[in-house]
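Heads up, the thing below is written out as structure tokens.
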2 protein chains.
Amino acid sequence: MEKPYLKSPGAWAKRLHLASRSMMERILRPYDLGPTQWYVLYQLANNGPTPQRDFLSLLQIEKPTLSEVVRALVRKGFINQTSDTNDQRQRLLTLTDTGRQLWGELPDPIAFMQEIAFQGFDKEMLEVAVEVLKTATERLNTYKFDGVEK
Amino acid sequence: MEKPYLKSPGAWAKRLHLASRSMMERILRPYDLGPTQWYVLYQLANNGPTPQRDFLSLLQIEKPTLSEVVRALVRKGFINQTSDTNDQRQRLLTLTDTGRQLWGELPDPIAFMQEIAFQGFDKEMLEVAVEVLKTATERLNTYKFDGVEK
DNA sequence: CGATATATGTTCGCTACCAAACTAAATGTC
DNA sequence: GACATTTAGTTTGGTAGCGAACATATATCG
């Protein structure tokens, strides 16, 4: 009975995620940008001004997390957060000039890391891996649970 | 050119990790325990008092992270942190009586989630997934980089 | 119209992760 | 023995994540 779970896809998913995050942070640090902050700029640079609300599903994060990311980007002067004129609840996020200029200088960390991590793998192997991860994720996310027995 | 990376194993690794963490947090919340805190108790309950230092490799985390986890467990009264008599730098972690009692009441969240997430999969598919994740992780972790071109 | 419900964001308090800079103790080296 | 180096942990300040509770604004319903 020796920690079988350290060899499971779940454990390796965690390690891969942390390794990816770590490298992305190193790449972005010179630009004073975190990984999730990068995704927000990515969206704004490629699709123009976007309601803050939309980022919840785009980034798959909760409201408090998004609030903090937005706050950081506003503080750094890379985006503006304005109230929608029609619906005063909604906030619209737009790139500032500084933000647009920064985006022009940024490398694409995702493409870079994909190349390192997955280059040379069979297409089929990658598909199997995605299938396992995707299914496991869906099962966990949809599992109804009223507390574990106890 | 539509965000191919959202379908990559890296993206799914992140989602699976977050889904796992989220469920583990829900399971452990009634016991006032976080996932990483659980792993520390797991080690102490199964292998007895352990130098704090050893947890760095066991949990694959950095010193500040460990410091904070230990701090939380001491604050909650589940472990003791004492100085080694031979080497005053080292700290030894031991379960308190409260901690031991708590451990006796805890479910095993890992076994529980493994069952939900991976049940019914081909052994071969799981091995392929692990192979992909493990290789990708190693490549990212060993990649030497003196900053991306820029 | 008014009360209630829903949608959008923020705040608070927590876990968990890191790098950089620090203290203190032990070890090596000259 | 003195000084430099290494090792163990902490502190500080940051990102990223969450639930619970809150304020506001819009929408719905009676």
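Chain letters run A, B, ... following the sequence lines, proteins first and then strands; every chain starts at 1. Both backbone and side-chain heavy atoms feed into the values below; hydrogens, waters and symmetry mates do not.
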Worksheet entry | Lys NZ or Arg CZ of B/Arg139 over A/Phe121 ring: under 6.0 Å, within 45° |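 Because its charged atom sits under 6.0 Å from the ring centre and within 45° of the axis, B/Arg139 does stack over A/Phe121.
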
Fill in: cation_pi(B/Arg100, B/Trp103) dist<6.0 Å, angle<=45
no

Worksheet item: Is any side-chain heavy atom of A/Leu126 less than 4.5 Å from a side-chain heavy atom of A/Val130?
Response: no

Discussion item. Can you confirm whether B/Arg91 sits close enough to B/Ser83 that some side-chain heavy atom of one is under 4.5 Å from a side-chain heavy atom of the other?
Written reply: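 Side-chain contact under 4.5 Å: yes.
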
Practice prompt. Let me know, please, whether A/Asn86 or A/Glu25 comes out on the 5' side of the other along DNA chain D by nearest nucleotide.
Written response: A/Glu25

Worksheet item: Start at the 5' end of DNA chain D and walk down; is the nucleotide closest to A/Pro64 or to A/Gly34 reached first?
Response: A/Gly34

When you check the phosphate oxygens OP1 and OP2 of [N], does a side-chain N or O of [X] lie under 4.0 Å from one of them?
X	N	result
A/Lys14	C/dC17	yes
A/Gln81	C/dT10	yes
A/Thr65	D/dA16	no
B/Gln37	C/dT15	yes
B/Thr36	C/dA16	yes
B/Arg53	C/dA26	no
A/Gln52	C/dT10	yes
A/Ser67	C/dT11	no

From C-beta outward on [X], which listed nucleotide comes closest to its side chain: [options]?
X	options	value
A/Arg75	D/dT12, D/dT15, D/dG9	D/dT15
A/Gln88	D/dT26, C/dG9, D/dC18	D/dT26
A/Lys63	C/dC18, D/dC18, C/dT10	C/dT10

Worksheet item: Using a cut-off of 4.0 Å on non-hydrogen atoms, how would the nucleic acid contact of A/Pro35 be classed: base, sugar-phosphate, or nothing?
Response: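 Here A/Pro35 touches the backbone only, sparing every base.
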
Practice prompt. Please check if atom CD in B/Glu124 has more than 12 non-hydrogen atoms from other residues, nucleotides or ligands closer than 6.0 Å.
Written response: no

Roughly, in whole Å, what's the span from [atom1] in [X] to [atom2] in [N]?
X	N	atom1	atom2	answer
A/Leu66	C/dA7	CG	P	17 Å
A/Met24	D/dG14	CE	C1'	16 Å
A/Leu56	D/dC18	CG	P	10 Å
A/Glu68	C/dC17	CD	P	19 Å
B/Arg21	D/dG19	CZ	P	10 Å
A/Gln60	D/dC18	CD	P	10 Å
A/Asp87	C/dG9	CG	P	8 Å
B/Glu62	D/dT10	CD	P	15 Å

Response to the item:
Residue pair B/Asp84/B/Lys76 against DNA chain C: nearer the 5' end by closest nucleotide is B/Lys76

Discussion item. Once hydrogens and angles are ignored, does a donor-acceptor distance under 3.5 Å link the base of D/dT7 to the side chain of B/Arg89?
Written reply: yes

Practice prompt. Please determine, by modelled atom types, if A/Gln60 and B/Lys14 share a side-chain donor-acceptor pair under 3.5 angstrom.
Written response: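 No donor-acceptor contact under 3.5 Å links the two side chains.
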
